[in-house]
Amino acid sequence: MSTHLTRRNFAKGAGAAALGITAAASAVSAQASIEGRPKPVQAAATFPDGFAWGVATSAFQIEGAVREDGRGASIWDTYTHTPGKIRNGDNAEIANDHYHRYLDDVGLMREMGVKTYRFSVAWPRIFPNGTGQPNAKGLDFYRRLVDALLEAGIEPFPTLYHWDLPQALQDRGGWQSRDTAQAFADYAAHMAAQLSDRVTNFFTINEFFSFVDIGHRGFEITVDGKKGRIEFAPGLRLSNAQLNQVRHNAVLAQGLSVQAIRAHGKAGTRCGPADNLSTAVPAIETPDNIKAAEIATREMNAGYLTVILEGKYTDVYLANAGNDAPKFTDEDLRIISSPVDFIGLNIYRPSAYVVASESGFRPIPFNKSHPRMLSHWHLLAPEVMYWAPRQLHSLWKTKEIYITENGCGASDEMSAAGTVDDSDRIMFLRNHLTHLQRATAEGVPVKGYFHWSLMDNFEWSEGFAERFGLVYVDFKTQKRTPKLSAAYFREAIARNAVV
C-alpha cells in the first residue's frame with residue numbers, strides 16, 4: 001500500500017480500491033445490509049469428494065535411532081559424518097526421535113485431521129546389508145506404525161526408497177551397479193509381502209533427479225548472480241557416461257520393483273513412483289506457449305518419467321548424450337515401462353518459464369528480483385501446481401495423480417506466548433492450493449495432496465537450519481508445537497477447500 005494512502009483518503013474510498021473492492025461490490029454489500037440479508041460470499045474453491053489430504057516425511061529425516069534394533073548404515077549416515085558436508089555439522093542420529101515417539105506423531109496427525117500419511121521405510125532397517133537376511137525388528141517398527149495409523153483413521157502410503165541406500169550396497173558399487181536395481185526389487189518384494197495385508201498403496205522411488213543427479217554429480221545453481229552448489233549423498237562427481245548409466249539403473253529399479261510388488265503383494269496392491277517432475281510453465285497462457293511448455297517438460301524428464309511412461313528414451317535425449325548414452329536393451333525398456341497405478345508429483349517450483357519458438361520452446365530466465373521463499377533455490381511460482389499435474393495428464397494420460405510433496409522452508413521462531421505464526425507458509429499454501437484446485441476443477445485426476453512436511457526435521461545438507469514443518473520441533477527437548485499453518489491446514493481439510 002502506498003505511503004500516500006493516508007487515513008483520510010482511505011476513508012474516502014482509496015482503501016476499498018487498494019483492497020480490490022469495486023464500487024459495485026460495495027453497493028451490493030451495502031444494500032444487502034439494509035435489507036438484512038447476508039453479504040454475498042464467493043463460493044468456496046472446493047476439491048473433489050474423497051480428496052485425500054495428508055502430510056509427508058522421510059525415514060532418515062525424522063527417525064533417529066540409527067544404531068538400534070539391527071539397523072544398518074546408510075549412505076546418508078556416512079555423508080553426514082563427512083566434515084564440511086552438512087551445515088553446522090549437524091547429523092540425524094537423533095533427528096526427531098520419531099522411532100521412539102511415533103505414537104505422539106500419529107496423534108498430532110489425527111488432531112490435524114489428516115486422512116493419509118506418506119512416510120518412507122528405511123531400507124537399511126529392513127536389510128542392514130542391502131540384501132540377504134531381513135531384520136525382523138526393523139520390519140516390526142513399520143508394522144507398529146501402520147497399525148497406529150489405521151487405528152487413528154489415517155491411511156498409510158509408504159515410500160520404499162527415499163535416498164537412504166544401505167552403505168553396504170554403495171561399497172559394492174551403489175547405483176552405478178545394475179545389481180542394486182535387482183536388490184531394490186528384492187527389498188520391494190519383501191515389503192509388499194509383509195505389509196500389503198494392511199497397506200494398499202506403495203510409492204516406489206522418490207525423486208530420481210535428487211538422488212541420481214545431485215547425489216552423483218551435484219547441481220550448480222545461481223541465485224542473485226552468485227553461483228552455488230547443491231550436493232547430496234553419496235557426494236560423487238561422475239562423468240556424463242557414468243551418470244547416464246546411474247539414471248538408467250534407477251529407472252530399471254523402478255520397473256523391477258513394480259513387477260516385484262505385483263508378484264508378492266496381495267491382490268489389489270497398488271504402486272507408482274513419486275518424482276520431482278521438471279516442469280516448464282508457459283510464461284503467457286496462449287495455445288502456442290502451452291504446447292511449447294509441454295514439449296519442454298517432456299524433454300526435461302527424458303531420463304526419468306518420460307522413459308517410464310513411454311518405454312523409450314527420446315531421440316533428443318539420446319542424440320545429446322551421444323557416445324555417453326546409457327547401455328540398455330529392449331527388455332530393459334519393457335521392464336522400465338511396467339504399468340503403474342498412479343504417479344506422485346513433488347512440486348516446489350518450476351524448472352523454467354518458456355515461450356514458443358521455432359525450435360519448439362525458449363526458456364525465460366528468472367529475473368534477479370523474482371520472489372522466493374527462505375531456501376535459496378526455492379523460487380516462488382505457485383502456478384506450477386496447476387501446470388505440473390495438467391501436463392502429466394496431457395502428455396501421458398495419467399489416470400491418478402498425487403501431490404506427494406509441496407511446502408516451503410520458513411524462518412519460524414517461537415514467540416514469547418509459545419506460538420509460531422508462519423504467515424509466509426500460509427501464503428504459500430493458500431496460493432498453491434488455489435492453483436491445484438483449478439486443475440481438479442478442470443478434470444485433472446489429482447486424488448490427493450501430501451504437505452511437506454508434517455514437522456520440522458533434518459533437512460539434508462541444510463541440517464536443522466531450515467524448517468519445513470507444519471509442526472515446530474525443539475530439537476533439544478523434542479517438544480512439538482503446531483504452527484499457525486497447521487491450523488490453516490486443518491481448516492482446509494475440514495472444508496475440503498482452499499481457505
Side-chain angles (χ1 to χ4, degrees), residues 55-82 85-86 88-109 117-149 151-152 154 156-170 187 190-191 194-195 199 206 211 232-234 452-464 467-469 471-480:
V55 290
T57 64
S58 85
F60 187 77
Q61 293 178 272
I62 66 169
E63 283 183 1
V66 298
R67 297 182 183 88
E68 291 187 37
D69 293 337
R71 178 190 181 277
S74 78
I75 57 174
W76 272 96
D77 293 299
T78 303
Y79 190 75
T80 54
H81 287 281
T82 303
K85 297 299 186 183
I86 308 297
N88 300 324
D90 293 338
N91 64 64
E93 293 200 356
I94 299 175
N96 296 54
D97 197 28
H98 175 75
Y99 190 76
H100 300 114
R101 300 169 186 262
Y102 71 94
L103 288 175
D104 293 337
D105 295 334
V106 171
L108 284 169
M109 287 184 265
Y117 176 43
R118 178 181 174 240
F119 61 95
S120 78
V121 177
W123 188 348
R125 264 196 213 289
I126 307 302
F127 289 97
N129 294 311
T131 59
Q133 187 67 26
N135 174 31
K137 289 184 177 180
L139 178 64
D140 185 58
F141 168 71
Y142 296 106
R143 281 181 169 150
R144 296 196 309 271
L145 173 61
V146 167
D147 288 346
L149 290 166
E151 185 176 346
I154 300 170
F157 277 72
T159 300
L160 296 179
Y161 186 67
H162 201 125
W163 312 351
D164 47 358
L165 185 74
Q167 182 62 44
L169 287 180
Q170 183 63 37
Y187 155 60
H190 181 72
M191 295 309 300
Q194 296 297 320
L195 286 186
V199 171
N206 181 75
F211 79 86
F232 288 162
W452 185 273
S453 175
L454 165 64
M455 54 186 168
D456 301 333
N457 54 38
F458 181 84
E459 190 52 40
W460 306 112
S461 296
E462 297 301 321
F464 297 108
R467 295 177 176 272
F468 275 74
V471 175
Y472 184 92
V473 178
D474 182 328
F475 292 103
K476 293 181 180 178
T477 65
Q478 293 297 334
K479 181 181 178 181
R480 276 83 154 131

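Small disclaimer: the values here were computed from a predicted structure and weren't measured.
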Problem set entry | Pairwise side-chain contact, Arg67 with Glu93, heavy-atom cut-off 4.5 Å (strictly under) | yes

Problem set entry | Spacing of CG belonging to Leu108 relative to CZ belonging to Arg101, to within rounding of 0.5 Å | 11.5 Å

Exercise. If we only count heavy atoms from C-beta on, is the Phe464 to Asn88 side-chain gap below 4.5 Å?
Worked result: no

Exercise. Can you find a heavy atom in the side chain of Ile75 that is under 4.5 Å from one in the side chain of Leu169?
Worked result: no

For this session: Report yes or no: does Ser120 contribute a side-chain atom to a donor-acceptor pair with the main-chain N or O of Ala59 at less than 3.5 Å?
Result: yes

Problem set entry | Presence of salt bridge, Arg144 and Asp140, under 4.0 angstrom | yes

Problem set entry | N-O pairing of Asp164 and Arg71 below 4.0 Å | no

Exercise. Which pair of heavy atoms, one from Pro166 and one from Asn129, lies closest together, and at what distance?
Worked result: CB-C, 4.5 Å

For this session: Specify the closest pair of heavy atoms between Ser453 and Ala56, including all atoms of both residues, with the distance to one decimal.
Result: OG-O, 3.0 Å

Problem set entry | Gap between atom CE of Met455 and atom CE of Met109 - 0.5 Å precision | 7.5 Å

Problem set entry | Heavy-atom side-chain contact between Asp104 and Gln478 under 4.5 Å | no

Exercise. If every non-hydrogen atom of Pro156 is compared with every non-hydrogen atom of Val146, which pair is closest and at what distance?
Worked result: CG-CG1, 4.0 Å

Problem set entry | Closest non-hydrogen atom pair between Asn96 and Asp456, with its separation | ND2-O, 2.6 Å

Exercise. Are side-chain N/O atoms of Thr57 and Tyr117 paired as donor and acceptor at under 3.5 Å?
Worked result: yes

For this session: Begin from the C-alpha positions of Phe475 and Asp90 and carry the test side-chain contact (heavy atoms from CB on, under 4.5 Å) through to its verdict.
Result: CA-CA 11 Å; Phe475 292 103; Asp90 293 338; over 6 Å; no

Exercise. Does the pair Glu63/Arg125 count as a salt bridge with the N-to-O cut at 4.0 Å?
Worked result: yes

Seminar exercise, completed: When rounded to the nearest 0.5 Å, the distance separating NE2 of His100 from CD of Glu68 is 3.5 Å

Exercise. Would Phe458 and Ser58 satisfy side-chain contact (heavy atoms from CB on, under 4.5 Å), going step by step from the backbone distance to the final call?
Worked result: CA-CA 10 Å; Phe458 181 84; Ser58 85; over 6 Å; no

Exercise. Looking at Phe232 versus Trp163, is the centre-to-centre ring distance below 6.0 Å?
Worked result: yes

Exercise. Hey, is the main chain of Asp69 close enough, under 3.5 Å, to the side chain of Asn135 for a donor-acceptor pair?
Worked result: yes

Exercise. Stepwise, does the side-chain contact (heavy atoms from CB on, under 4.5 Å) test hold for Val121 with Phe141?
Worked result: CA-CA 10 Å; Val121 177; Phe141 168 71; over 6 Å; no

Problem set entry | Any donor-acceptor pair under 3.5 Å from Tyr472 side chain to Arg467 backbone | no

Problem set entry | Criterion ring pair (Phe, Tyr, Trp, His ring centres under 6.0 Å) on His190 and Phe127, from CA distance to verdict | CA-CA 10 Å; His190 181 72; Phe127 289 97; 5.4 Å; yes

Problem set entry | Atom pair CH2/NZ of Trp460 and Lys85 - distance to nearest 0.5 Å | 16.0 Å

Seminar exercise, completed: Rounded to the nearest 0.5 angstrom, the CG-NE2 distance for Asn91 and His81 is 4.5 Å

Seminar exercise, completed: Note: Gly72 and Asp77 closest approach over all heavy atoms is O-OD2, 4.3 Å

Exercise. Are Phe157 and Leu149 close enough, and set up right, to give a side-chain contact (heavy atoms from CB on, under 4.5 Å), and what steps lead you there?
Worked result: CA-CA 10 Å; Phe157 277 72; Leu149 290 166; over 6 Å; no

Problem set entry | Within-4.5 Å side-chain heavy-atom neighbours: Pro158 and Val199 | yes

Problem set entry | Min side-chain heavy-atom separation Leu165-Phe211 under 4.5 Å | no

Exercise. What distance do Lys479 atom NZ and Asp474 atom CG have between them, rounded to the nearest 0.5 Å?
Worked result: 8.5 Å

Exercise. Do other residues, nucleotides or ligands put more than 12 heavy atoms under 6.0 Å from Leu139 CG?
Worked result: yes

For this session: Taking ring pair (Phe, Tyr, Trp, His ring centres under 6.0 Å) as the test, write out the residues that go with Tyr142, two or more places apart.
Result: none

Exercise. Is the shortest heavy-atom distance from the side chain of Tyr79 to the side chain of Ile86 under 4.5 Å?
Worked result: yes

